[in-house]
Protein chains: 2
Amino acid sequence: MAAPAKRFIDDYLSYLLARASHAVYKEFDQQVRSAGLASLEWRVLATLSDGDGSTGGMTIGELAQEVLAKQPTLTKLIQRMADAGWVSIGADPADARRTLVRANARGKRVVARLIDAARAHETALLAGLSAREVTRLKAVLRGLVRRPAA
Amino acid sequence: MAAPAKRFIDDYLSYLLARASHAVYKEFDQQVRSAGLASLEWRVLATLSDGDGSTGGMTIGELAQEVLAKQPTLTKLIQRMADAGWVSIGADPADARRTLVRANARGKRVVARLIDAARAHETALLAGLSAREVTRLKAVLRGLVRRPAA
DNA sequence: CGATGATATATGAAAATTCATGCAATTGGA
DNA sequence: TCCAATTGCATGAATTTTCATATATCATCG
């Protein structure tokens, strides 16, 4: 890096993370929109795409946490996505308080293509870094997420 | 890290960046709200706090880019912040199309305290990493921001 | 068994954000 | 010098998000 940071935000980790996240996503956003989705919809379908998503679905609360949205925001979005045919909503037989969300066949198709594109985008993004640097970067990011609450 | 990633998003850089950014900010959000600001207001005042901010102010367009908000979003926010007494708005003598934004004395006071708190929070956040690792992490994040447009 | 506290989600109102667009000002080229 | 293209921002309407709260359900304890 050339000139040293001269403003507080230029060396503030929270800000650097926000900018990096924003810049990386911005590059991919065009493909998401071309597929007919908005940012949060892509995030929802990506989260549902495997793991728990392929078994019983995820609860509204779990999904809200994973996609970094507040619960009412997600509830309203899931209702719109169900209306649009991307996901389906069902009751949880184990707990009637809970709503379960699963990707529909249509949602699964669109997200499968986007995941392929996302992998290609990430490969291009990280071409300047060694495999070891990428592994370390991701480990550090995971460590920042998993901090115990103070 | 323990279990290997089993879902696409668990190893997807864009998602890891978003989660890390969200988690780190969430820890600090309480102090921002206690100071009477919302997230984007803190970001605006932090951006204005030095560098260009202490000289002639910043234009709406420059500031929108720095704080990662769309231009109409920022225009409306700056109007609310001016009404609340955090910033002042003025014309740019060099270009009448432009609006200049500066922090007010009140805005400068509140942000000075928050910057101190932010530095302390970051120190605690990064306690588990060596200085070299921190420097490298920030360099990589800056590199992700500065990619040439494809 | 019943009451209480906790959990999960849905909803309405309010606030914030986005989109599309219009207007004013600047720039550059013919 | 003039005009077209571009730039910068403000605004209204629509959409999304948040906040506060209500309702239903579950878990625990007396």
Side-chain angles (χ1 to χ4, degrees), chain A residues 18 21-22 25-26 28-30 32-34 36-45 47-48 52 56-84 86-102, chain B residues 18 21-22 25-26 29-30 32-34 36-45 47-48 52 56-84 86-102 149:
Chain A
S21 178
H22 185 267
Y25 181 71
K26 192 174 179 182
F28 192 63
D29 188 50
Q30 184 52 45
V32 171
R33 289 178 186 279
S34 297
L37 298 174
S39 165
L40 197 50
E41 290 168 330
W42 149 238
R43 193 176 286 183
V44 164
L45 287 175
T47 303
L48 292 172
D52 289 339
M58 294 182 73
T59 67
I60 289 282
E62 289 168 338
L63 192 53
Q65 196 162 1
E66 293 288 306
V67 302
L68 311 175
K70 292 189 188 297
Q71 174 262 314
T73 300
L74 189 74
T75 294
K76 295 175 193 288
L77 179 73
I78 292 302
Q79 286 163 348
R80 296 199 299 278
M81 290 181 76
D83 290 343
W86 302 114
V87 301
S88 60
I89 303 172
D92 183 346
D95 189 331
R97 292 172 294 183
R98 295 177 171 187
T99 297
L100 289 175
V101 186
R102 296 179 185 80
Chain B
S21 178
H22 185 267
Y25 181 72
K26 193 173 177 183
D29 187 51
Q30 185 51 46
V32 172
R33 289 179 186 280
S34 296
L37 298 175
S39 166
L40 197 51
E41 291 167 329
W42 150 238
R43 194 176 285 184
V44 164
L45 287 174
T47 304
L48 291 172
D52 289 338
M58 292 181 75
T59 68
I60 290 282
E62 289 169 338
L63 193 53
Q65 196 163 2
E66 294 287 305
V67 304
L68 312 176
K70 293 189 186 296
Q71 174 263 313
T73 300
L74 188 74
T75 294
K76 294 177 195 288
L77 180 71
I78 293 300
Q79 286 164 349
R80 296 198 298 278
M81 290 181 76
D83 288 344
W86 301 114
V87 300
S88 60
I89 304 172
D92 184 345
D95 188 333
R97 290 172 297 178
R98 296 177 171 186
T99 297
L100 288 176
V101 186
R102 297 179 185 82

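These figures come from a predicted structure and were not determined experimentally. Computation of the quantities below employed the complete heavy-atom set of this structure, encompassing side-chain atoms and omitting hydrogens, waters and symmetry-equivalent molecules. Lettering of chains follows the sequences in order, A, B, ..., and the numbering in each one begins at 1.
Between A:Leu100 and A:Ile89, the closest side-chain pair of non-hydrogen atoms is not below 4.5 Å. With contacts defined as side-chain heavy-atom distances shorter than 4.5 Å, the pair B:Glu62/B:Thr59 qualifies. Residues B:Thr99 and B:Asp92 are not in side-chain contact: their nearest non-hydrogen atoms beyond the backbone lie 4.5 Å or more apart.
What separates CD of A:Gln65 from P of C:dT7 is a distance of 13 Å, to the nearest Å. Rounded to whole Å, the distance from CG on A:Leu63 to C1' on C:dA8 is 14 Å. Counting to the nearest Å, the P atom of C:dT7 and the CG atom of A:Asp95 are 12 Å from each other. A straight line from NZ of A:Lys70 to C1' of C:dA16 spans 13 Å, rounded to a whole angstrom. One can place CD1 of A:Ile60 at 18 Å from P of C:dT7, the figure rounded to the nearest angstrom. Separating the CG atom of B:Leu37 from the P atom of C:dA15 is a distance of 18 Å, rounded to the nearest angstrom.
A heavy atom closer than 4.0 Å to some atom of DNA chain C occurs in B:Pro72, B:Thr73, B:Lys76, B:Arg80, these being the qualifying members of residues 71-82 of chain B.
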Extract all donor-acceptor atom pairs below 3.5 Å that involve side chains of residues 64-79 of chain B and protein atoms in other chains or at least two apart in sequence.
| from | atom 1 | to | atom 2 | distance (Å) |
| --- | --- | --- | --- | --- |
| B:Glu66 | OE1 | A:Arg7 | NH1 | 3.3 |
| B:Glu66 | OE1 | A:Arg7 | NH2 | 2.8 |
| B:Gln71 | NE2 | B:Thr75 | OG1 | 3.1 |
| B:Thr75 | OG1 | B:Gln71 | O | 3.1 |

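To the nearest 0.5 Å, atoms CG (A:Leu48) and CZ (A:Arg102) are separated by 10.0 Å. Interatomic distance, CG of A:Asp29 versus CH2 of A:Trp42, reported as 11.5 Å (0.5 Å rounding). Once rounded to the nearest 0.5 Å, the distance linking NZ of B:Lys26 with OG of B:Ser39 reads 13.5 Å.
Contact annotation: side chain of A:Arg97 to base of C:dT9, donor-acceptor pair absent below 3.5 Å.
Taking a heavy-atom distance under 4.0 Å as the criterion, the stretch of DNA chain D touched by chain B extends 5' to 3' from D:dT7 to D:dC19.
At a threshold of 4.0 Å, the pair A:Asp83-A:Arg80 does not count as salt-bridged, since none of the basic side-chain nitrogens sits closer than that to a carboxylate oxygen.
Of the two residues contacting DNA chain D, namely A:Ala94 and A:Glu41, the nearest-nucleotide position lying further toward the 5' end is that of A:Glu41. For the pair A:Leu40 and A:Ala96, nearest-nucleotide mapping onto DNA chain D gives the more 5' position to A:Leu40. Residues B:Pro93 and B:Ala69 both approach DNA chain C. Their nearest nucleotides, taken by heavy-atom distance, put B:Ala69 toward the 5′ side.
The side chain of A:Thr99 lies closest to C:dA10 when the candidates are C:dA8, C:dT26, C:dA10.
Here the closest heavy-atom approach between residue B:Trp86 and residue B:Leu45 is recorded as O-CD2, 4.0 Å.
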